[in-house]
Amino acid sequence: MLTGRRVTVVVPTYREAENLPILLDRIARVRQDTGLELDVLIMDDDSKDGSAELVQRRGEAWVALITRTSDRGLSPAVLDGMRRAGGDVLVCMDADLSHPPEALPDLLRALDEGADFVIGSRYVEGGSTSDDWGLLRWINSRVATLLARPFTSARDPMAGFFALRRTTFERGRELNPIGYKIGLELIVKCGCERVVEKPIHFEDRVHGESKLTLRQQLLYLQHLRRLFIFKFGVWSHLLQFLVVGALGTVVNLAVVTALLWAGLTARPAILAGIAVSVGFNFVLNRRFSFSYARQGSWLRQLLGFVAASSIGAAINYGVAVAVLAARADLPPQVAALFGIAAGTAFNFVANRYLVFRTKHVRPAAAR
Ligand code: GDD
Ligand code: MN
């Protein structure tokens, strides 16, 4: 059942000369045992550690190595490889022997059974990882997985071991390979609905070292944000606006509280809270919530934002004062909260549709 179509295994590498011979031997055995029509495409970022020579020396017709000198990085290397691959089925796996090639037939069978995307998974029944993973990396991996929940219910969406059909890959729109999580990127952007996980034992690397750095983890947060915008469109702007607003609220309340402490009365304290949070919110909204309009004039947007905020602030202040007047027993912070809620609703609509208009980013055809 596993024969009759070509499989290309894309292997991104950077300094894996020690691991490559073992990996290729193990894949060779899988080829032999299953009769799979399988080739390997090693995407090497110019390691200069003998990897290229090694592959050449082995002279296996089903193994190719491409030396990449530009656009380096794990994810770009994988995408590059998948675009060049000749197979009808594309597999991605690490070179460091963390991913067992012996699981390949399992992954391919799941595709045959109708899956869009198959993960060699550590976290499903029967899957496991080597125990000497530090507690920190374990927590790290779990938190990263949790953050991916809005996009997929897969238990191990971070995995670098996965398979998909070429036709699925070609559906991918706006593939943007920042960071390490190319599998997650493909699940979301290729619109994979049937994601299936097959258990693997994830072996810790023996030779060489992991290239997963703190920088990669920060990039992951950026990656999640982009996936979020891709998937949720306008709602993502509202959500970011609300997150900024929530942070602004904390700033606002901190200022109000500090000024009350310093002996000011409620009204000027609330006014000052509004003023400080307007500045804070502008900077964050321009950078995040409405980042699509970042090419627009900074000054024009600031003026627009302040104008919108002034009306919003007037509404905010009016509502807060009205609440204070109606319920003198309430602490001024509660009155301020009511004001903030009313002001926020007005602000989002005004900013989204007037100050940070999308008109100039809409594709010409959609106009
Ligand atoms: N071409 C290329 N360029 N390959 C790279 C680069 C690069 O800049 N950086 C790493 N690689 C290759 C490595 O040589 C290895 O084959 C594979 O990508 C994974 O790199 P590791 O450094 O071993 O990553 P890891 O073990 O920390 O992370 C793996 O597990 C994670 C889940 O815990 C990867 O599979 C990740 O994708 C996965 O999220
Ligand atoms: Mn590894």
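Residue numbers count from 1 along this sequence. We count ligands from 1, going down the list as the structure has it; atoms in each ligand are counted the same way.
- A salt bridge links E102 and R26; the closest N-O separation between the charged side-chain nitrogens and carboxylate oxygens is under 4.0 Å.
- At least one heavy atom of R122 lies less than 4.0 angstrom from ligand 1.
- Using modelled atom types and a 3.5 Å distance limit, the side chains of D44 and T67 yield no donor-acceptor pair.
- Cation-pi check for K189 over F230 is met; the charged atom lies under 6.0 angstrom from the ring centroid and within 45 degrees of its normal.
- E113 has no carboxylate O lying under 4.0 Å from a charged side-chain N of R194, or vice versa, which leaves the two without a salt bridge.
- Listed for the R165 side chain is a donor-acceptor partner under 3.5 Å among the backbone atoms of L111.
- Every atom of ligand 1 with a heavy atom of H99 under 4.0 Å away is listed here by number and element: 35 (O).
- Below 4.0 Å from some heavy atom of K181 lie the following atoms of ligand 1, by number and element: 39 (O).
- Under a hydrophobic-cluster definition in which Ile, Leu, Val, Met, Phe, Trp and Tyr are linked whenever side-chain heavy atoms come within less than 4.5 Å, directly or via other members, L259 and L253 are assigned to different clusters.
- A centroid separation of 6.0 Å or more is found between the aromatic rings of H237 and F356.
- Contacts of P12 with ligand 1, taken as heavy-atom pairs under 4.0 Å, involve both backbone and side chain.
- When distances from the Mn ion (ligand 2) to the N, O or S atoms of D96 are compared, OD2 comes out shortest.
- Considering backbone and side-chain N/O of T13, one or more are found under 3.5 Å from N/O of ligand 1.
- In this structure, R5 does not pair ionically with D88, as no charged nitrogen and carboxylate oxygen lie closer than 4.0 Å.
- At a 4.0 Å cut-off, not a single heavy atom of R72 sits close enough to ligand 1 to count as contact.
- The ligand atoms of ligand 1 that sit less than 4.0 angstrom from a heavy atom of A77 are 1 (N).
- For the pair S98 and ligand 1, no heavy-atom separation below 4.0 Å is found.
- Atom numbering of ligand 1 starts at 1 in the shown order; those under 4.0 Å from a heavy atom of G73 are 3 (N), 7 (C), 8 (O).
- Using a 4.0 angstrom heavy-atom cutoff, M93 does not count as in contact with ligand 1.
- With ligand atoms numbered from 1 in the order given, ligand 1 contributes 13 (C), 14 (O), 15 (C), 16 (O) to contacts under 4.0 Å with heavy atoms of E16.
- Side-chain atoms of R122 and T145 include no donor-acceptor pair closer than 3.5 Å.
- Any N or O atom pair closer than 3.5 Å counts here, and A159 shares no such pair with ligand 1.
- Any N or O atom pair closer than 3.5 Å counts here, and M43 shares at least one such pair with ligand 1.
- Every atom of ligand 1 with a heavy atom of D45 under 4.0 Å away is listed here by number and element: 1 (N), 2 (C), 3 (N), 7 (C), 8 (O).
- Close contacts between ligand 1 and G160 involve ligand atoms 35 (O), 37 (O) [criterion: under 4.0 Å to a heavy atom].
- Ion pair D80/R84 flagged as a salt bridge, since at least one NZ, NE, NH1 or NH2 atom sits closer than 4.0 Å to an Asp/Glu carboxylate oxygen.
- Per-residue contacts place D96 under 4.0 angstrom from the following atoms of ligand 1 (heavy atoms of the residue considered): 23 (O), 26 (O).
- A salt bridge does not link R109 to D112: none of the charged nitrogens lies less than 4.0 Å from a carboxylate oxygen.
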